[in-house]
There are 2 protein chains.
Amino acid sequence: MENGAEAPVPGARAPKTPERAHPVTLRDVAEAAGVSTATVSLVVNKKKAARIAEETRRRVQDAIRTLGYRPNAMAKTLVSGTSRFIGLVADGVATTPFAGQIIHGAQDEAWKHGYALLIANTEGNNELEQDAIQMMLEYKVRGILYSTWFHRQTDIPAPLREADFVLVNCFSNEPGTRAVVPDEVQGGRSATDILLGHGHRKIAFINATIPAPAKDGRLQGYREALEKAGVPFDPELVLEAYPDQEGGYRATSDLLTRGVTAVYCYNDRMAMGLYDGLREHGLSIPDDMAVVGFDNQEVIAAHLRPPLSTVSLPHYELGAAGVRMLLGLDGAPGTGTGGVAKIHCPAVERTSVKAQARA
Amino acid sequence: MENGAEAPVPGARAPKTPERAHPVTLRDVAEAAGVSTATVSLVVNKKKAARIAEETRRRVQDAIRTLGYRPNAMAKTLVSGTSRFIGLVADGVATTPFAGQIIHGAQDEAWKHGYALLIANTEGNNELEQDAIQMMLEYKVRGILYSTWFHRQTDIPAPLREADFVLVNCFSNEPGTRAVVPDEVQGGRSATDILLGHGHRKIAFINATIPAPAKDGRLQGYREALEKAGVPFDPELVLEAYPDQEGGYRATSDLLTRGVTAVYCYNDRMAMGLYDGLREHGLSIPDDMAVVGFDNQEVIAAHLRPPLSTVSLPHYELGAAGVRMLLGLDGAPGTGTGGVAKIHCPAVERTSVKAQARA
DNA sequence: TTGAAAGCGCTAACAG
DNA sequence: CTGTTAGCGCTTTCAA
């Protein structure tokens with residue numbers, strides 16, 4: 001509850017002395033400058049409407065400087081009724097290494113519009129989540145970004161409805177709910193296109209075993225790309241494995257059975273496992289097998305040997321687009337109050353794919 | 001005077017406005033319950049001092065519920081003078097995959113004590129940093145955590161001094177500055193001990209080429225562990241390489257020159273590169289070479305083949321300990337106002353080290 | 001046990 | 001151009 005430790009009292013006594021940092025208020029400045037608080041307020045806020053005498057302004061500014069005046073944002077907010085906060089509740093900045101980028105993007109964009117980010121990491125704990133939202137509501141946040149660490153469907157916590165909110169990296173089945181999610185289908189298309197673009201025609205897809213929007217979307221993208229390239233879809237070429245290193249590793253022998261020259265993995269981690277598996281079979285990448293991943297998990301993709309071509313999950317953009325949608329910027333997508341914006345997943349080409357001689 | 005335009009007029013037939021945000025104030029509740037605002041305040045804050053009639057309390061609580069009252073934290077703060085915010089400025093939640101854990105730890109601990117986290121990611125931009133701190137000051141934060149994404153010395157931005165602050169994952173050369181950093185020396189000792197504990201005696205250390213507290217500390221830990229085990233330190237066994245996958249990979253042949261049975265890498269990324277190098281030389285881990293890393297970068301360490309034994313950089317704890325120190329909890333370490341707390345780096349054993357027959 | 005009233009620091013009419 | 005004057009929503013003596 002309350003922490004027993006109060007502000008450090010230097011003098012040991014001094015019961016009333018506001019020894020603390022900055023008790024310098026508008027009024028103090030006003031007195032020091034010999035003007036009214038209203039005037040000080042005017043110059044502090046650089047109101048162009050009110051023309052202040054140059055000399056007065058100077059006097060006020062001096063006073064501000066010498067007193068070390070610092071406006072009290074709380075008081076400002078109290079008056080205006082709404083704060084310059086945007087809340088971000090996340091179920092796991094922690095859990096995944098790149099979800100932090102959602103925070104980053106949100107914070108950059110929020111800042112750009114004069115908002116500060118109030119974050120709460122709930123690690124999936126429902127009670128904590130409720131409390132966090134509650135807290136944000138009490139701080140009169142402009143709105144709340146509700147985000148998940150992987151793309152999925154989600155329920156809307158009741159208190160969230162009391163605020164202006166947008167879902168980030170997740171979506172609701174309630175119509176009209178604003179959300180911004182990665183464009184998995186386009187991503188799947190891009191991943192496949194990398195391979196196609198290098199002349200590959202026999203391309204396997206190792207999908208995840210776990211149901212998720214990514215599973216469906218990435219597969220659909222694969223099919224669309226194939227179709228557009230005039231390559232018939234062969235169900236035999238779609239494998240499934242648990243979406244981690246181990247899964248990729250274990251899928252190796254199955255994959256080699258299909259006689260493909262290239263493989264598109266559901267994610268980078270599987271690709272990483274596949275690298276090991278392929279290597280153990282004496283196969284080299286990209287000469288014997290071209291591989292692309294998905295997610296662009298820096299630590300992995302950029303530093304595998306050879307560096308992995310993949311498709312980026314646009315976490316930063318997700319966060320940024322989230323605040324834009326919340327703030328009602330961003331003309332076209334998510335028009336008005338309903339709609340979900342799909343964010344582009346850019347291809348990141350490295351060297352795990354080599355041109356393939358046309359058959 | 002009430003303005004007839006805005007506020008919902010009580011007696012009049014208010015047009016059904018269900019969206020009407022939240023103009024529900026303490027006073028509204030008071031009126032609805034037929035008591036004074038003071039009374040409502042008392043029951044809202046569960047003041048034990050003031051004994052409220054059971055029936056009154058009930059009436060108030062009903063009113064709160066039916067009106068959907070939500071306290072205004074800003075107003076509360078205005079009165080009390082100091083907010084329940086703790087600021088966290090970071091130079092890169094983004095840059096590194098695990099630094100997000102600092103946020104996580106800070107946020108958990110802050111929450112535990114009734115504080116919310118106000119974060120700002122400055123990505124090394126000085127101006128942004130100043131603005132962020134400024135902003136936090138205006139929001140009357142209880143204090144500020146100033147953190148860096150890798151352990152290093154840092155300067156203290158001027159405005160930071162206006163707040164109660166503690167450095168996290170960095171330190172200042174100004175005496176008396178509070179800081180919390182990882183215990184690199186102990187970490188180095190632990191890493192080496194893993195190898196020693198498995199019977200290895202000829203242990204190489206691939207250090208970083210880049211100067212950093214980690215470079216010195218991890219080396220010192222290595223020496224201390226060796227000494228304690230009665231193994232003479234051999235400078236020939238200390239290599240240096242750029243601290244990433246590529247560096248580790250390239251250090252392989254040099255390493256094989258030294259005739260060691262085990263190697264301790266400056267970090268997991270180097271170990272990852274080393275895995276590749278070793279493999280290309282037809283060597284297997286841990287049979288032909290035992291390897292341990294440092295950092296415990298999940299995506300890498302836990303999923304290499306074989307999983308890498310390493311030492312954990314305690315980011316979560318860093319964040320948590322930071323707020324504890326800020327709040328003046330935490331009895332022993334960083335006593336009083338000055339001092340830096342060194343956080344333990346726990347060993348994480350996986351399977352990249354195998355028992356070695358004693359020579 | 002409860003109410004009246006005085007602000008917390010600031011902004012926004014409205015006067016002068 | 002600048003000062004007066006109300007509050008914003010809440011906590012907190014001090015009385016009743």
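Side-chain atoms are counted along with the backbone in the values below, which use heavy atoms only and exclude waters and symmetry mates. Letters go in sequence order (proteins before strands), and every chain restarts at 1.
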Exercise. Taking 4.0 angstrom as the limit, do E54(A) and R59(A) come out as a salt bridge?
Worked result: no

For this session: Please determine, by modelled atom types, if S36(B) and T39(B) share a side-chain donor-acceptor pair under 3.5 angstrom.
Result: yes

Exercise. When you measure from the side chain of D108(A) to the backbone N and O of G105(A), does any donor-acceptor pair fall under 3.5 Å?
Worked result: no

Problem set entry | Heavy-atom closest pair, residues D164(A) and R178(A) | OD1-NH2, 2.7 Å

Problem set entry | Rounded distance (Å) that lies between atom P of dT2(D) and atom CZ of R57(A) | 9 Å

Exercise. Within this structure, what is the CG-to-C1' distance between L26(B) and dT12(D), rounded to whole angstrom?
Worked result: 13 Å

For this session: Quickly work out the E138(A) CD to dG9(D) C1' distance and round it to whole Å.
Result: 13 Å

Exercise. So, are R58(B) and E55(B) salt-bridged, with charged N and O less than 4.0 Å apart?
Worked result: no

Exercise. How does protein reach along nucleotides 3-8 of chain C, written 5' to 3' as B (base within reach of a heavy atom under 4.0 Å), S (only sugar-phosphate), or - (no contact)?
Worked result: BB--BB

For this session: Would you mind reading off the distance between I64(B) atom CD1 and dG9(D) atom P, rounded to a whole angstrom?
Result: 16 Å

Exercise. Taking NZ, NE, NH1 and NH2 as the nitrogens, is one of them in R324(A) or E317(A) under 4.0 Å from a carboxylate oxygen of the other?
Worked result: yes

Seminar exercise, completed: note: L67(B), atom CG; dG9(D), atom P; distance rounded to Å ~ 14 Å

For this session: Could you pull out the closest heavy-atom pair between F85(A) and L118(B), with the gap in Å?
Result: CE2-CD1, 3.5 Å

For this session: Would you indicate what T77(A) reaches in the nucleic acid, counting non-hydrogen atoms under 4.0 angstrom: base, sugar-phosphate, or nothing?
Result: nothing

For this session: In whole angstrom, give the distance that lies between atom CG of N45(B) and atom P of dT13(D).
Result: 13 Å

For this session: Check whether any side-chain N or O of N169(B) sits under 3.5 Å from a backbone N or O of T148(B) as a donor-acceptor pair, and report yes or no.
Result: yes

Exercise. So how far off straight is the helix from dT1(C)-dA16(D) to dG16(C)-dC1(D), going by the axes through five pairs at either end, to 10°?
Worked result: 40°

Exercise. Just to confirm, is there a sub-4.0 Å distance from OP1 or OP2 of dC10(C) to any side-chain nitrogen or oxygen of Y69(A)?
Worked result: yes

Exercise. Does OP1 or OP2 of dC8(D) have a side-chain N or O of N72(B) closer than 4.0 Å?
Worked result: no

Problem set entry | Nucleotide dG9(D), atom C1' - distance to CD of E31(B) in whole Å | 13 Å

Problem set entry | Proximity to the side chain of K76(B) - top-ranked nucleotide from dC10(D), dT11(C), dT2(D) | dC10(D)

Problem set entry | Pairing of R84(A) and E138(B) as salt bridge, 4.0 angstrom limit | no

Exercise. Between R84(B) (CZ) and dT11(D) (P), how many Å, whole number?
Worked result: 13 Å

